[in-house]
2 protein chains.
Amino acid sequence: MSKRKISIEDIARRAGVSHSTVSRALRDNSLISPQVREEIKKIAREMNYVPNAVAQSLQTQRTNTIGVVVTSIADPFFGEVVEGIEQVARTAGLSVLLSASHRDFEQEIAAIDSFHRRRVDGILVADSRITKHHTQQLAQIAVPIVFLNSQTQDQPEMFHFIEIDDYLGARLAVEHLVSLGHTSIGYLGVGDRSRSNQQRLEGYRMALTETGLSSKTDWVAISDEEYGRTDDVAIGQQQLPKLVTAGVTGIFCYNDMVAVGALLACQELGISVPQDLSLVGFDGIALSRYVTPPLTTVCQPMLELGRSAMQMLLDVLMEKSVENLVLSPFLVKRGSSAGTVTSDQ
Amino acid sequence: MSKRKISIEDIARRAGVSHSTVSRALRDNSLISPQVREEIKKIAREMNYVPNAVAQSLQTQRTNTIGVVVTSIADPFFGEVVEGIEQVARTAGLSVLLSASHRDFEQEIAAIDSFHRRRVDGILVADSRITKHHTQQLAQIAVPIVFLNSQTQDQPEMFHFIEIDDYLGARLAVEHLVSLGHTSIGYLGVGDRSRSNQQRLEGYRMALTETGLSSKTDWVAISDEEYGRTDDVAIGQQQLPKLVTAGVTGIFCYNDMVAVGALLACQELGISVPQDLSLVGFDGIALSRYVTPPLTTVCQPMLELGRSAMQMLLDVLMEKSVENLVLSPFLVKRGSSAGTVTSDQ
DNA sequence: ATGAAAGCGCTAACAC
DNA sequence: GTGTTAGCGCTTTCAT
């Protein structure tokens, strides 16, 4: 915190008033005569006074700070989300503390705990791994928490959450492929994201069933847990061959990075996308637009996810009533998917 | 800051000791008898005591928090950098406050000011727009600041900085193209990043001169300021045709996003990369690996940039002597560049 | 309209 | 070893 700074006492002394008068003047309290108020402000400016937010926080019991936990800061998905969060946080005069959980339960708790000690006004947790078992400890915290796309099966019902409709997303992807004429549609998923992966898989199965199609067991490829630690692109690359062997003509991928991996594998294997195989991603990260062919993908409104989550937290802080939110993803058709009725077969 | 929490007073009362004894016990002060210490810790645990970092900060004059300013949180480049920062910050027990400047001078100052009020222990600013004119105001701050890849021409010499060698980067790019046999090499830059863009352009010119080649004026395309607000991909797309018309066979692009834009434009114009035209990017963001063809690019060690910057700040805080750092970029050859001696011309 | 005094929760001299 | 006291810089009754 460096050298001693100017305090309201210093200003008070210089202005020949009490420190409480300074405090009031600086905060435009209506009871201070306009003249002294201006005089005090002038002196404060001259002395380069910078209010000490720490002292203010101790007194007011508000830090005007929120904590945000994401799995990885470098992940383009969370980049967008945090951008959205920060935008509305700043507008509301709140600063954001950022921490990474690396999809590790311990680190997630550690981050939340650190925020708790720092007395943040609220916490946002993306991709949480917290289950009901730990609800107890968290309940103590008494700090408003909003979960974004929580990955736990049993959402602690006492907290607020906002999430994207994975079932709907999966349905959009599958229906798109079906509408293109595909009948052998696979799913390429990841092993360690319990909830979203599971719901997308379920959604995929449901959509298939509803359209009168079925899914063979070998049309679903999920990476082993061991690969879970690898990056998603690698997962896509490793798993793609299986699905091709299984004979699918269209694949719904867990997310865009996985889809990119699949695309890379196709290039290596001489499989043309979308002529030989259609690929659909999930998320709609910037990257999806720039690969060749550009990815057809189920977009999550990432910026809005962040913005709305922050707005929910703001509402909680202002003690408004808050409804949990389920956001709808939307399909963006691009070059990686096409019909099966190939002319040049 | 929510409801009233347990304080050391509460624990003291319950343990039948004074609050300072509790304070000492909790912090393993050697003067407290082991038995009471454990007893107190036990009680603290039972009462779910969570130390109030705000009060600690007010007393110790340290917040164990640093502030980080980047131009955009969603930018993949800064994502990596911040990831690096957060890693070493957390290891050192520091939390990070994150804010975006959107390449706007006012917002940058506002962010720094906000950090100042919050009494952060140190500040990291990436892509700063601060010039000597404002050095005065900043000097008052008396908070250690480390600049990362400062974009101002006149670096305030009183602060620490770490940056990447743009001249060397440009040279690597140009020499690579030259070694491939190119003699008509262009530069595709952006209009609003004064320093890095200028140094890369200069480096490009120097490298050309050194290898005995020249550069025609229309071999350099810089987007207008107006496009500056658009995204880099759009800039690349818009500017590429000019350079092609000018007859270059190889282009050094300001960064990867610009290069991707150029690549997209090529695809539309039916220009094959690298057969008809070689492209070299800058940064080495993940995306560069996944476009087709993958980008040959001058990589900045992004994670290391963040880590080292944070380490520098840590050193400053521990009052070690600190040297400014200039990091070297390195070339990664991939598919977007190739020789000019085309066989099928 | 302004000042005096208490207190937010903690650490650290200084006593004993 | 442990308690007493002061104080970090601010906001906020309560007097006047």
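Chain identifiers are assigned alphabetically (A, B, ...) following the order of the sequence lines, protein sequences preceding nucleic acid strands; residue numbering begins at 1 within each chain. When reading the values below, keep in mind they use all heavy atoms of this one structure, side chains included, and skip hydrogens, waters and symmetry mates.
- Contact annotation: Ser18(A) side-chain N/O to dG3(C) OP1/OP2 distance is under 4.0 Å.
- By the side-chain contact (heavy atoms from CB on, under 4.5 Å) test, Arg37(A) is found to be paired with Ala25(A), Asp28(A), Ile32(A), Lys41(A), residues two or more places apart in sequence or in another chain being considered.
- Phosphate contact (OP1/OP2 of dG1(D), side-chain N/O of Ser33(B), threshold under 4.0 Å): absent.
- One atom, CG of Leu31(B), and another, C1' of dG3(D), lie 13 Å apart when rounded to the nearest Å.
- Atom CG in Asp28(A) sits about 15 Å away from atom P in dA1(C), given to the nearest Å.
- Scored by the side-chain hydrogen bond (donor to acceptor under 3.5 Å, both in side chains) test, Thr91(A) finds no partners at all (sequence neighbours excluded).
- Among residue pairs with one or both ends in residues 82-91 of chain B, those qualifying as salt bridge (charged side-chain N to carboxylate O under 4.0 Å, His left out) are Glu86(B)-Arg90(B); sequence neighbours excluded.
- The side-chain hydrogen bond (donor to acceptor under 3.5 Å, both in side chains) analysis of residues 310-322 of chain B, with sequence neighbours excluded, yields the pairs Gln311(B)-Asp315(B).
- What separates CD of Glu9(A) from P of dG9(D) is a distance of 9 Å, to the nearest Å.
- Separating the CG atom of Asn29(A) from the P atom of dC10(D) is a distance of 16 Å, rounded to the nearest angstrom.
- Atom CD1 in Ile40(A) sits roughly 12 Å away from atom C1' in dG3(C) (whole-Å rounding).
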I need a per-nucleotide contact map over nucleotides 11-16 of chain C, read 5' to 3'. Cutoff is protein heavy atoms under 4.0 Å; write B for the base, S for backbone only, - otherwise. BBBB--
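- Applying the side-chain hydrogen bond (donor to acceptor under 3.5 Å, both in side chains) rule to Arg27(A) yields no partners; only residues at least two apart in sequence or on another chain are considered.
- Among all heavy-atom pairs drawn from Thr152(A) and Ile130(A), the shortest one is CG2-O, 2.5 Å.
- A sub-4.0 Å separation between OP1 or OP2 of dG9(C) and a side-chain N or O of Ser7(B) is absent.
- Between the CZ atom of Arg117(B) and the C1' atom of dG9(D) there is a distance of 14 Å, given to the nearest Å.
- Closest of all the heavy-atom pairs between Glu80(A) and Met302(A) is CB-CB, 3.6 Å.
- Between Leu58(B) atom CG and dT11(D) atom P there is a gap of 12 Å when expressed in whole angstrom units.
- Ile11(A) places its CD1 atom 8 Å from the P atom of dC10(D), with the value rounded to the nearest Å.
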